[in-house]
Structure formats: C-alpha cells, structure tokens
Amino acid sequence: MASSTLISQELFDETVIENEECFDLSPDEALAETIDQFCQQLGVVSTNYTNTNDIVSGSEPSPRSVVGDNNNTDADTVVPKELSHLILSHPNSSDGKQERKNRSTFQDALTKLDCFVNADGTVSTPTHYNPEAPNCENSLRALLGVTDITQPMNKVALQCAYGDSPHEQGSPLPYLAIFQRTSSIYTLMSFLSVIDPMKQPLFQLTKEEDDNRLKILTTTLQTLSSILSSKSKYDNVQCVALRDELRDLFIPALGRVVNLIGGIIKSILEVYTEDFTHPDDDHPEGGFDIREELSDALCCLLSLGVDTTRGCEGGKVAFVQSTLPVELKPNTNNKSNGTSTKRGGVAVIISCLSMTEEDNEPDNTRVLTEACLLLASLCRYDDFRDPSTSGGGGAMAATGVSTSSAHDHAMEFHRAGASSLLVKIARDVLLKMESSCSIEVEEEGENEESAANERLAAAVLTALRVLAINDDIIQNMVALGALPIVTKALELGVVASDTKNTAQESKDVAPKRLVAASLGLLRNLCGNDEIKTNLCLGSTDQNSKSATPSILPHLLHAMKVYSSTAVIQEHACGTLAAMALRRPANARAILDAEVPRLVLLAMKKHDMNVNVQRQGALAIRNIVSRLLRDLPDEDVSTESKTTTETTIGDERSSIRDVFLELGAEDVLRNITGRHQGSVDEAYAALRDLGCKVSLVKFNSDDMQQPQTSSSAPMMFGGKHNSNFRPVYEESNGLEEGVDSAVSQFGA
C-alpha cells in the first residue's frame, strides 16, 4: 500500500522548478537541491550528485556520477528508497518530458486494470472483444497489450521493466517501485484467475471466448515475468532488491500457477484425443488453433515459474508443496499410474516431461525446455539473501535460518521418475541434432528448429545435473544410459565450435550453452569413482552401462576454444579435480595431457572469478597430492635404498615442476589466495607443490602484541585457546597489531 509520506511526482516537479527560479540555479543544481531537500524532510541519507541528468536519464554517467551503477553500492551514491518511485530527470528537459509521459501512461493503465478487479479478488472480463471498436483502448485486452494500439499496457510494462522505454531513456527503478509501493502487483496476480480450468474446463464456452481468455492469461503471464525476472543488462543493485521483494510478494500466487499448469495440461491432453470438437467448430481439426494457444499459455506459465522461483527459496518451497485439487490424468504413452496431488509442483512438471512429441510439433519442444528449466530452478540453491531481511522468504524468513530445500526437491523429483524421463528426452533430442547437424548456427541467424533443439538439449542436461546429488541417483542415471548421452552432447558442442571462427567465440551462443551444460553434468557424475575412471581413461566394455570413450580430448578442446567463458572453465576445472581425487591413474593421465597449462591459463584469464580460482586450485592440489601419495614407500631393502630414494625424489620434483615451471606458485599466491572463497584451496595446493607457506592467526592478542616468528599458527580443530575472549573489547593497539602482522608476513 502507498505510504502516507509518499512524495508525488507532481510535487517533486513543482519543487524543482521553484528552486530553479527562486535561487537562480542551473537545472542540475536545482535537481540536486530538490533531492537533498526531500531527503532531509524524510530523514534519509542525502545523496551527492555532480550531474543528476546523466544519472537518472540513462545516459553514460560521468566519473563521479555513479548512482545506481552496478559496480558501486556505497550508501551516498544510491538513490534513496523513499525517492525510488520518482522520475528524477528535469521536468522541462526533452528526456524528462518523455519519461513522465511514459510513467503517466503506465499508471493510467494500472488504474484501469484495477477497475476490472472485484472486491472478492475475481476479475470481470468483457464477454466479446472487437479489435476495430473505437473504444478498444478501454478494453481489458487492449490494456494487456494483445492488440495493436498505440500505447498498450503490456508494451509499456515490458519496456519499463526491461529499461527500454521508446526513447531509450529512463530506468526500470521508478516503475518497479510503483509495483512495490502500491497494490498493482496484486492486481496482476488477480488476473491469473481469468481462467480456472480445474473448476470450469475450457471448450465449454464459444471459441472466441476461450480464445479471449487464453490471450488475456498469456499476456498477464508475460507482463508478470517482465516485472519479476532480473535483467542484468539494465538492473542496478536497487532494481535487483526490488524485484526480490516483488517475488516474495508473489509467493501466495504460486499455488494458482501450479493449478493453472495442471489445468492447461489436462486441456492439452483432451485436445489430442481424436473425438475433440470445439463447440464452434464443424471438424475435429478445428481444435488445432486452440492447441497452439494452450501450448503458448503453458510455456508462459512454466517460464513465470522459473522467474518467480529463481533466487527465492520461499517461492521454490511454495511451488513444490502446492496441492492440486484433482489428480492429473497421465498421458496415454506414459506408463506411470498417476501423479501425486500432495506435491503439485512435482506432479505438473512430471506431467509436462511425459508429454509426447506427437507429429514433432515445436510447441512440445518449448514445453519440455521450460519444464526442464523450472525443474533446475526448483532444485538449485541460489537465494543468498539474509533470511532476516527477506520479506517473504517463507521458512527462511520465519526462522531466520538459511535452509536450502534443493536436496529435498531433487529427491522428490527423482522418486517421481524425473531421471528416466530426462534421459529419454536427452537421447531423443541429441539423435535429432546428430542426424540433422542442427547444432550448426548460421551467420545470419539460427534455424528455429535447430535453436529449439539446442535449447532443449542444454536445459535437459542442466536438469539432470541438479538431480545428480548422490551416488544412488548417479548410478541410476548411468544405468539408464546417461554417459553416452552426455559424452555425445560434449562432442557435438566442441565439434560445432570447429566450424566457427574462434575469434567470434562470444557470438557462438548455441554450442557454448551446450558445452557448459554437458560439463556441468559430467562434473557431478564424477562423484562416483568407477564412473569418473571410465570417463577419464575410457572404457570399451560393451556389457557395461558406463562404457564410454575418454572425454579428456573433448574437455581439453572445450577449454581451448572457450577460454573466455568462465562457467565452462569452472566446470572443466571442477571435472578434472573430481577425476583426480582418489584415482592415481586418472591423475597421471591428466598430468600427461595439456591440463596443467590450460588450468593455469584459465586461472590467469579469470583472475576475478572466485569459482574458477577455487576449482583450478582444487584441480592442481588433487593431481599433485594423489600422484605424490602413489609413489612407493621408503621402506625398502638396504641395497636399493639409496637408488630408490633418488628415484622417488626425482619423481616428486618432476610432478611438481610441471606446475611450477608454468608459474603455478605466482598464480596461487597472488590471484587465488587473494579471494576469501579460494584461499584455503590455494594454501593446500601450494603446500602440496612444496612451496613455503604458512597460516597467519589474527586475534585480539596479536592485535596488541605482534606475533613472533616462533609462534605456531592455530590450525582448524586445534586445542582450544584458554585466552580467548568471547566479548568484543575496544583495543587501542588494533592498528599497530595489524601493521606489525602485515610487515611480518608480507602484504
């Protein structure tokens, strides 16, 4: 609800003009003075502006004008939350006038939408709609942007939420703030009830009415997705925070989303039956149009599920635990006995994955892709917000404990049969890609079917990855034939890269996406010792489900071709680290290849990516430590003791020199060890490489009395320090202690 202290746009504009005229200020000075004035009135932190027009108009900011910049989150350079709903450009500038016109159109559309919502939350919709009527702008469908009118609501909402206003000016922040401060988000949530297929099935009204309701629902879903999904290209830290809050507010509506998905699935299955005839149609084929619209609506629902659960732990739990009022009927080609209604989110996704690709319709490919992406979102932990500050974080906000549901959700989907369905889908789509060479991307644009198959392949491999959380599931996937599938996917990705100019790597989205998904799944499958040995060394046992050629050549090829893609380098290094763990033969094969050079090259190239640094250091440590431990013991006969010691010493030096000669020590000390998230891995790698390294202990005693060189560092799990003081005390010797420690151990 709107706050009683909410400053109106009109008041802000009047104050800017008044300050400019009364105090003879420039437009920028008048804006800065007005913002400072309102900040003082509201008791919030005042901002320092140097060129306010640059800041708020979307133009390139000057060096000191960094309000809303993604790389700067200082309190004095961020638009105060109390003013975030305002257009802060000058009201008389050309950009300011256009931005205010857009905002006015946006708010008028939201006001008209409110008129369609009844007191009980239901929606009143027009029975018929004529797109040629003079008053079409006042109709519901015009407001939702379904028709070609001058300023449709959905067009404005999408452009504002994405940051693309008609004149390439403005920020999504004011529009997001409007949704956050008013009831407009609840208005759009109410429009989800325009169809309730569980209570009133489709095809009972006229074709025009069914078509009308479906288009209203689809456009509402697209508008909600544009508002709730983060757009890294346009969003600053404040926009991200507002979208997080809006996703929290949307959690109660996820139950309706699940019910809509279930109802649409039932309707699609009815359309596929031979005796289907719409009341307005004379032939069974008349249902074809409604089938496409049903598929579009289902895709939009699944996409909205992704946008509302990504980064929102409460949303993931609410979606999975939603209950369907009736049991879904399984597809005729699905051998399951039905789906559970107690975990409605699981049931509807399993039903989507069970849909057959009848007549090779592209709409089913889209449904499968969106279902895989939603499954991956529900089984991934990505809500890193403080649970005490997340407004609607479900159990997290209530308990104040950051608890992930990812493991439980993965187990739920696996028990429901998701693994077997995903493996089958992956096998089918890769066969299509291999037979038609559809992974190739034309310079002028992708073939639609090829792009759809590639997106599905990447999505299904990602879904398999999030399910591969323990050894039982991994072995089940391998028994279903996952290894040949993921090996073929990686091969298709790297072979496709050979047909392109490596200088254009950043434009090769299709194979890059497939390679990243393949390596991510391989990384998890390497949690099993037997499987990772087969993947590393290769296996030709035709009687084994885990038989597969070595993936090392394709993995190394991917690291070379996509050296600038951080996620591929991270997954590749993580896969190598897992392969070398507890397997000396794997470590030797990896060492004999080009792995050391490629791993260190990745760490140098992505020096600010902590995930690449951590996985790279783990790969170095696991390779070196496993090979050193595999050397013969020194307990040998007296006659050969000297010779053996010399041989072992040479072997140890040889293993370490492979990395040291490539500059591993410098990388681990100055790059990897600089990140808090990879310092432990860097220490372990340096230690196993034989480099001199020590731990530094900082406590209250060290801050007052510098640590001497003879004092031993406290290791994790060591004896409790009896001098430890659990209460924070101010120390006058803090700076001296820090300076002394730095001078002793180096900067």
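In this chain, residues are counted from 1 in sequence order. Just the heavy atoms: all of them, side chains too, but no hydrogens, waters or symmetry mates, feed the values below.
Rounding to the nearest 0.5 Å places CZ of Arg310 at 12.5 Å from CZ of Arg243. Between the SG atom of Cys239 and the CG atom of Asp244 there is a distance of 11.0 Å, given to the nearest 0.5 Å. For the atom pair CD (Glu292) and CD1 (Ile268), the distance works out to 11.5 Å, reported to the nearest 0.5 Å. Atom SG in Cys300 sits 12.0 Å away from atom CG in Leu260 (nearest 0.5 Å).
Taking all atoms of both residues into account, the shortest heavy-atom contact from Val466 to Cys379 is CG2-CB, 3.8 Å. Closest approach of Ile7 and His85 over heavy atoms only: O-NE2, 2.6 Å. Across all non-hydrogen atoms, the minimal contact from Ile87 to Pro174 is CD1-CG, 3.8 Å. Contact detail for Ile227 and Leu176: the closest heavy-atom pair is O-CD2, 3.8 Å. Listed here is the closest heavy atom pair of Ala376 and Thr462: CB-CG2, 4.0 Å. Minimum interatomic distance between Asp607 and Arg674 (heavy atoms only, all atoms of both residues): O-NH2, 3.9 Å.
A donor-acceptor contact shorter than 3.5 Å is absent between the side chain of Tyr186 and the backbone of Leu188. Side chain of His409 to backbone of Arg380: no donor-acceptor contact under 3.5 angstrom is found. Side-chain N or O atoms of Asp24 include none that pairs as donor or acceptor with a backbone N or O of Glu20 at under 3.5 Å. Ser404 places a side-chain N or O within donor-acceptor distance of the main-chain N or O of Ala406, the cut-off being under 3.5 Å. Under a 3.5 Å cut-off, the side chain of Glu82 and the backbone N or O of Leu42 do not form any donor-acceptor pair. A side-chain donor-acceptor contact under 3.5 Å links Lys316 to the backbone of Ser377. The backbone N or O of Asn92 lies less than 3.5 Å from a partner atom in the side chain of His90, making a donor-acceptor pair. Between the Arg247 side chain and the Cys312 main chain, no donor and acceptor come within less than 3.5 Å of each other. When atom types are taken as modelled, the side chain of Arg455 and the backbone of Thr369 share no donor-acceptor pair closer than 3.5 angstrom. At least one donor-acceptor pair closer than 3.5 Å links the side chain of Asp382 to the backbone N or O of Gly311.
Defined by atom type and a distance below 3.5 Å, a donor-acceptor pair is missing between the side-chain atoms of Gln222 and Ser225. Remark: the Asn19 side chain and the Gln37 side chain contain an N/O donor-acceptor pair separated by less than 3.5 Å. No donor-acceptor contact under 3.5 angstrom links the side chains of Thr15 and Thr34, judged on distance only. When only modelled atom types and interatomic distance are considered, Glu313 and Ser405 share a side-chain donor-acceptor pair under 3.5 Å. Between the side chains of Asp296 and Thr218, not a single donor N or O lies within less than 3.5 Å of an accepting N or O.
With contacts defined as side-chain heavy-atom distances shorter than 4.5 Å, the pair Thr220/Val194 does not qualify. The shortest distance between side-chain heavy atoms of Leu304 and Phe250 falls below 4.5 Å. Taking 4.5 Å as the limit, some side-chain heavy atom of Leu302 sits within range of a side-chain heavy atom of Cys352. Using a 4.5 Å heavy-atom threshold, the side chains of Phe319 and Ile349 count as touching. Taking the side chain as every heavy atom from C-beta outward, Leu294 and Leu298 never approach each other to under 4.5 Å. Looking at Leu11 and Phe38, their side chains come closer than 4.5 Å, going by heavy atoms from C-beta outward. In this structure the side chain of Phe12 reaches within 4.5 angstrom of the side chain of Leu31, judged on heavy atoms.
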**OP:** Could you walk me through whether Arg100 and Ser89 pass side-chain hydrogen bond (donor to acceptor under 3.5 Å, both in side chains), step by step?
**Re:** CA-CA 9 Å; Arg100 284 160 176 78; Ser89 54; 3.2 Å; yes
Subject >> Derivation of the side chain to side chain contact (heavy atoms under 4.5 Å, CB included) call for Leu192 and Leu221 >> reply: CA-CA 8 Å; Leu192 296 176; Leu221 296 171; 3.5 Å; yes
Subject >> Criterion side chain to side chain contact (heavy atoms under 4.5 Å, CB included) on Arg256 and Ser193, from CA distance to verdict >> reply: CA-CA 8 Å; Arg256 180 171 293 278; Ser193 63; 3.5 Å; yes
Subject >> side chain to side chain contact (heavy atoms under 4.5 Å, CB included) evaluation trace for Thr308 with Ile251 >> reply: CA-CA 8 Å; Thr308 53; Ile251 289 177; over 6 Å; no
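A salt bridge links Arg385 with Asp248; the closest basic N to acidic carboxylate O contact falls under 4.0 Å.
Taking Asn118 as the reference, Asp120, Thr122, Ser124 meet the side-chain contact (heavy atoms from CB on, under 4.5 Å) condition, with sequence neighbours excluded.
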